Amino acid sequence: MTSQEYIKKELQRFLDEHNLSNIEIILERPKEEAFGDYASTLALQLARHLKKNPRQIAEEIKNFITLDNRYISKIEIAGPGFINFFTSNENLYVQLSEILEKKEAYGKSSLGQGKKANIEFVSANPTGPLTIGHGRGAVLGDTIARLLKNIGYQVTREYYFNNAGRQMRVLGDSVRLRYLELCGQKVDFPEDYYQGQYIIDIAREIYNEKGDALKDENDVTYFKEFAEQVIFADIKKTIRRLGFEFDVFYNEKSLYDEGKIDQVVQQLREKGLVAERDGAVWFLTSKLGFDQDRVTIKSTGEPTYRLPDIAYHVEKIKRGFDLIIDIFGADHIATYPDVLAAVKALGYDVNKIKVLIHQFVTLYEGEEKVKMSTRKANFITLDELMDEVGVDVTRYFFLMRSMNSHLNFDLTLAKKQSDENPVFYIQYAHARICSILKLATEREIERAAKVEFNLLNSKEELNLLKHLVQFPQTIEMAALNFEPHRVVNYLFELASLFHKFYTECRVISDDLALSQARLALIDAVRIVIANGLKVLGISAPEHM
RNA sequence: GCGCCCUUAGCUCAGUUGGAUAGAGCAACUGCCUUCUAAGCAGUGGGUCGGAGGUUCGAAUCCUCCAGGGCGUACCA
């Protein structure tokens with residue numbers, strides 16, 4: 001048991017005794033050292049219920065708690081009624097050995113044991129290479145998947161795409177026109193077609209293979225499918241380079257083939273939620289509290305994205321997931337409320353669906369804002385970014401900020417030198433530790449059978465220990481709240497505490513017992529940094 | 001007009017779910033390498049937490065209104 005768990009347990013015992021069990025216990029970590037290691041505001045909260053002076057309640061709580069020196073050394077009451085707990089070093093040493101024992105497993109938990117999660121992200125239609133905008137969603141999705149896995153979920157990474165719509169027809173026709181150019185024909189290339197060089201490359205591939213045999217082919221199908229195949233292969237390569245793979249590529253088409261789409265329309269019709277108007281089929285969202293109705297099937301007979309999206313979400317629920325996550329960019333914000341409303345109207349539990357929206361990535365070249373659009377082809381691809389700054393920096397940048405804040409990405413800065421980048425600060429701490437551990441091995445300093453942990457009692461050592469033991473909880477909070485940046489901040493702080501320790505405390509010295517204790521400590525730091533970076537998909541180098 | 005996100009140091013952002021004197025990285029300035037990696041450490045300056053009300057013991061955090069920025073608001077996805 002950790003000190004924190006012990007304190008919570010004792011507070012809970014107090015609440016139970018007073019028939020107040022339904023009050024949530026929150027322990028804070030005070031900023032000020034003088035306020036202890038953990039603080040509770042329970043007395044302040046209870047003042048209302050008990051109609052008593054909070055300081056008096058705090059006093060009662062203090063007297064109620066068993067002061068077990070294995071967990072806490074001191075309790076103080078301060079200010080209006082804060083209860084400040086000072087943990088015992090004893091407990092830190094116990095947990096230190098736990099980290100050393102558990103190694104890679106430290107930080108994992110079984111909160112989500114036996115539960116299945118599906119996380120759908122990227123889901124870009126294969127009309128071009130993945131851009132930096134997709135990159136943020138990709139890295140966020142993968143990292144959330146890793147986090148959920150860490151707390152015990154069985155996770156499916158899923159990519160949903162639609163190769164039947166207008167976008168893909170335009171793609172096919174773009175390739176066809178470029179192909180005709182290669183055949184020597186003069187064509188009018190529409191402005192709203194895909195302008196990128198990659199379209200010409202694909203057309204050239206076709207030309208090299210077929211010559212001008214297809215120059216009278218007016219059906220775009222061949223061109224579309226060829227382009228899709230080439231582009232998808234490219235996307236998969238980029239994803240693999242980013243450090244993961246999708247378990248499922250879910251094609252909208254199967255929903256039609258298996259009649260799932262018709263089924264949804266039928267069910268909505270039975271509920272009186274669709275109506276025909278102006279030759280189109282409308283989804284009567286106004287009946288569900290929205291300001292206007294939405295088209296589900298266009299007058300051309302082609303469904304809008306809404307219909308397959310509804311069917312797709314119903315499918316995901318039926319596939320038995322306990323948690324279904326969708327990750328979208330901010331530009332798709334409008335596309336899900338009515339979809340979820342429909343799923344709910346059909347009688348499914350939408351509470352297990354969590355929609356996460358990440359804000360945009362704005363790219364800067366120095367001061368200059370770079371406007372990007374796949375269609376116009378003035379974009380920077382994820383691959384180009386990784387070429388310039390590497391995978392670790394790429395992932396770190398996308399993860400370091402909360403997803404609902406806009407991300408400014410200064411390319412020239414990232415390109416020119418990466419020393420300033422905080423990812424190196426964390427990796428450097430890891431490399432430094434590895435190098436000390438290596439030296440210890442070279443000098444044949446064995447790990448003592450029984451390390452004298454109590455030699456670790458300087459401010460730097462204790463601060464490091466106190467932060468180390470926060471790791472499992474940090475992972476848990478990051479996973480449950482879908483907030484990878486918490487792990488980033490945690491690791492940055494850990495690295496900072498380590499670097500401070502490093503300048504103040506010499507690890508390998510003439511004092512063998514102390515050296516062994518400190519080697520144990522830094523090994524634990526190494527383990528936690530490595531585990532943390534692994535969750536983020538960032539490498540933990542041994543040399544730098 | 002309506003919906004979602006944002007507004008915290010010169011810049012980019014955190015802020016442990018409502019707590020005590022609001023933090024970090026860049027940038028600026030000043031120190032520290034003969035010893036385990038200076039991609040590091042220590043220090044200085046820098047703030048009306050966009051504004052105004054409200055809720056309460058207590059607000060950067062919750063509510064209302066206002067201002068500014070972003071993204072949407074399709075028979076595109």
Side-chain angles (χ1 to χ4, degrees), chain A residues 24 26-32 34-35 39 41 44-45 47-48 53-54 78-82 84 123-125 127 161-162 165-168 170 277-282 290-292 294-306 309 328-335 337 357-360 362 400-410 413 417-425 427-429 431-440 442-443 470 473-474 477 481 485-486 488-490 492-493 495-496 498-509 515 518-519 522 543-544:
Chain A
E24 195 192 354
I26 296 166
L27 275 189
E28 304 168 346
R29 287 182 48 73
K31 295 164 206 151
E32 204 67 39
F35 297 148
T41 58
L44 296 163
Q45 292 171 56
R48 243 165 281 178
N53 182 330
F82 292 102
N84 295 330
S123 295
N125 282 339
T127 58
F161 67 103
N162 156 13
R166 204 186 69 90
Q167 275 187 23
M168 294 301 289
V170 172
R277 206 188 298 156
D278 309 326
V281 178
W282 292 72
F290 290 84
D291 55 344
Q292 53 183 313
R294 307 283 177 175
V295 170
T296 55
I297 301 176
K298 302 183 225 172
S299 49
T300 59
E302 201 175 12
T304 64
Y305 69 88
R306 235 173 301 269
D309 263 23
F328 298 145
D331 54 337
H332 284 57
I333 190 87
T335 67
I357 308 278
H358 67 83
Q359 296 301 313
F360 265 36
T362 315
M400 66 196 284
R401 307 266 149 84
S402 139
M403 77 174 86
N404 44 23
S405 112
H406 293 238
L407 180 63
N408 287 334
F409 204 119
D410 187 337
L413 195 104
Q417 243 330 329
S418 350
D419 318 16
E420 302 159 358
N421 199 292
V423 70
F424 294 113
Y425 183 79
Q427 290 180 319
Y428 184 54
R432 262 184 159 176
I433 293 171
C434 289
S435 135
I436 300 171
L437 293 175
K438 192 170 152 231
L439 184 70
E442 283 165 10
R443 298 211 184 150
Q470 299 295 318
Q473 197 188 352
T474 304
M477 293 295 279
N481 293 296
H485 74 279
R486 285 178 187 245
V488 174
N489 291 339
Y490 171 87
F492 190 84
E493 177 69 21
S496 167
F498 169 75
H499 288 308
K500 279 180 184 133
F501 158 83
Y502 178 88
T503 43
E504 293 301 321
C505 306
R506 192 167 169 86
V507 176
I508 297 173
S509 66
S515 301
R518 286 182 171 166
L519 283 167
I522 66 167
H543 313 277
M544 282 179 77

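Only a predicted model underlies this, so the values are computations on that prediction, with no experimental measurement involved. We name chains A, B, ... by the order of the sequence lines, and we start the count at 1 in each one.
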Testing B/A77, B/C71, B/U37 for proximity to the side chain of A/T304, the answer is B/A77

Q) Is there a donor-acceptor contact under 3.5 Å from the side chain of A/T335 to the main chain of A/H332? A) yes

Separation of B/G40 atom P from A/K500 atom NZ, nearest Å, is 13 Å

Here the distance between atom C1' of B/G72 and atom NE2 of A/H406, to the nearest Å, is 12 Å

Rounded to whole Å, the CZ-C1' distance (A/F161 to B/C76) equals 18 Å

### Message
Between B/G15 and B/G47, how far apart are the two C1' atoms, rounded to whole Å?
### Response
15 Å

Scanning all shown strands, the Watson-Crick or wobble mate of B/C13 with both distances under 3.5 Å is B/G23

* Regarding A/R432 and the six-membered ring of A/Y502, is the cationic atom NZ or CZ under 6.0 Å from the ring centre and inside 45° of its axis? -> yes

Checking N1-N3 plus N6-O4 or O6-N4 for Watson-Crick, or N1-O2 and O6-N3 for wobble, each under 3.5 Å, the partner of B/A28 is B/U44

Partner of B/U37 under the Watson-Crick or G-U wobble criteria, both distances under 3.5 Å, comes out as none

Of all heavy-atom pairs linking A/F501 and A/I522, the shortest is CE2-CG2, 3.5 Å

Hey, is the side chain of A/H485 poking within less than 4.0 Å of OP1 or OP2 on B/G15, counting only N and O atoms?
yes

Side-chain contact check for A/R506: nearest option of B/A14, B/C36, B/U37 is B/C36

If the C1' atom of B/U17 is compared with that of B/U61, how far apart are they to the nearest Å?
8 Å

Correct closest heavy-atom pair for A/P30 and A/A39 would be CG-CB, 3.7 Å

note: A/N404, atom CG; B/U61, atom C1'; distance rounded to Å ~ 14 Å

Pairing partner of B/U73, by Watson-Crick or G-U wobble and under 3.5 Å for both distances, is B/G1

Whole-angstrom distance between B/C33 and B/A9, as gauged at atom P
35 Å

Residues A/R518 and A/V507: closest non-hydrogen pair is CB-CG1, 4.0 Å

For A/S509, is there any backbone N or O sitting under 3.5 Å from a side-chain donor or acceptor partner on A/S515? yes

Got a donor-acceptor contact below 3.5 angstrom from the A/H499 side chain to the A/Y425 backbone? yes

Under 4.0 Å from OP1 or OP2 of B/A14: is there any side-chain N or O of A/S405 that close? yes

**Message:** Within the 4.0 Å heavy-atom criterion, would you say A/C505 contacts the bases, only the backbone, or no part of the nucleic acid?
**Reply:** base

A/Y428 OH to B/A39 C1', in whole Å, measures 6 Å

On a whole-Å scale, what distance lies between the C1' atoms belonging to B/U56 and B/G18? 10 Å

The nucleotide from B/A39, B/A77, B/C71 with an atom nearest the side chain of A/M544 is B/A39

At a cut-off of 3.5 Å, list every protein nitrogen or oxygen paired with a nitrogen or oxygen from nucleotides 17-22 of chain B, distance to 0.1 Å.
residue: B/U17; atom: O4; partner: A/N481; partner atom: OD1; Å: 2.3
residue: B/U17; atom: O4; partner: A/N481; partner atom: ND2; Å: 2.6
residue: B/G19; atom: OP2; partner: A/E28; partner atom: OE2; Å: 3.1
residue: B/A20; atom: OP2; partner: A/K31; partner atom: NZ; Å: 2.8
residue: B/A20; atom: N6; partner: A/N84; partner atom: OD1; Å: 2.5
residue: B/A20; atom: N1; partner: A/N84; partner atom: OD1; Å: 3.4
residue: B/A20; atom: N1; partner: A/N84; partner atom: ND2; Å: 3.2

From CD1 of A/I433 across to C1' of B/A39 the rounded distance in Å is 15 Å

Restricting to nitrogen or oxygen on both sides, can you table the protein-nucleotides 7-11 of chain B pairs closer than 3.5 Å?
none

Closest non-hydrogen atoms of A/L44 and A/P54, given as atom of the first, atom of the second and distance, are CD2-CB, 3.9 Å

Re B/C62: Watson-Crick or G-U wobble partner, both distances kept under 3.5 Å, found to be B/G54

Report task. Measure from the side-chain N and O atoms of A/S496 to the backbone N and O of A/F492, and report whether any donor-acceptor pair falls under 3.5 Å. Result -> no

Regarding the side chain of A/Q292, the nearest nucleotide among B/G72, B/U73, B/C75 is B/U73

Between the protein and nucleotides 43-45 of chain B, list every N/O to N/O distance that falls short of 3.5 Å.
none

Donor-acceptor pair under 3.5 Å: do we get one between A/S299's side chain and the base of B/C75?
yes

The nucleotide from B/C75, B/U37, B/A39 with an atom nearest the side chain of A/W282 is B/C75

From OH of A/Y502 across to P of B/A39 the rounded distance in Å is 10 Å

Glycosidic torsion of B/U17 (syn if within 90° of 0, anti otherwise) classifies it as syn

Q. Can any side-chain N or O of A/T304 pair as donor or acceptor with the backbone N or O of A/V295 at less than 3.5 Å?
A. yes

**Asked** Rounding to the closest angstrom, what is the interatomic distance between B/G3 and B/C65 at atom P?
**Response** 9 Å

Correct closest heavy-atom pair for A/I508 and A/R443 would be CG2-NH1, 3.6 Å

By the Watson-Crick or G-U definition, both distances under 3.5 Å, B/U7 is matched with B/A67

- Query: B/U55 and B/G43: how far apart are their P atoms, nearest whole angstrom?
  - Reply: 42 Å

Regarding B/C57, purine or pyrimidine glycosidic angle vs 90° from 0 gives anti

_Using atom C1' in both nucleotides, what's the gap between B/A60 and B/G50 to the nearest angstrom?_
12 Å

Check your understanding: Say you pick atom P in B/G45 and the same atom in B/G69; how far apart are they, in whole Å?
Key -> 36 Å

Checking B/C5, B/A38, B/C75 against the side chain of A/R432 (C-beta onward), the nearest is B/A38

The nucleotide from B/A77, B/A74, B/G40 with an atom nearest the side chain of A/T503 is B/G40

*Sugar-phosphate only, base, or nothing, as touched by A/D331 at under 4.0 Å among non-hydrogen atoms*: base

TODO: Decide whether A/R401 and A/H406 meet the rule of one side-chain donor and one side-chain acceptor closer than 3.5 Å.
DONE: no

| said: If only side-chain N and O atoms count, and only distance matters, is there a donor-acceptor pair under 3.5 Å linking A/T127 with A/N125? | reply: no

Minimal heavy-atom distance between A/A280 and A/K298, with the atoms involved, is CB-C, 4.1 Å

Of the listed B/C75, B/G72, B/G70, the closest approach to the A/A334 side chain comes from B/G72

In whole angstroms, the gap separating C1' of B/U37 from CD1 of A/I508 amounts to 13 Å

Count the heavy atoms of every other residue, nucleotide or ligand shown that sit under 6.0 Å from CD of A/E442, and state whether that count exceeds 12. yes

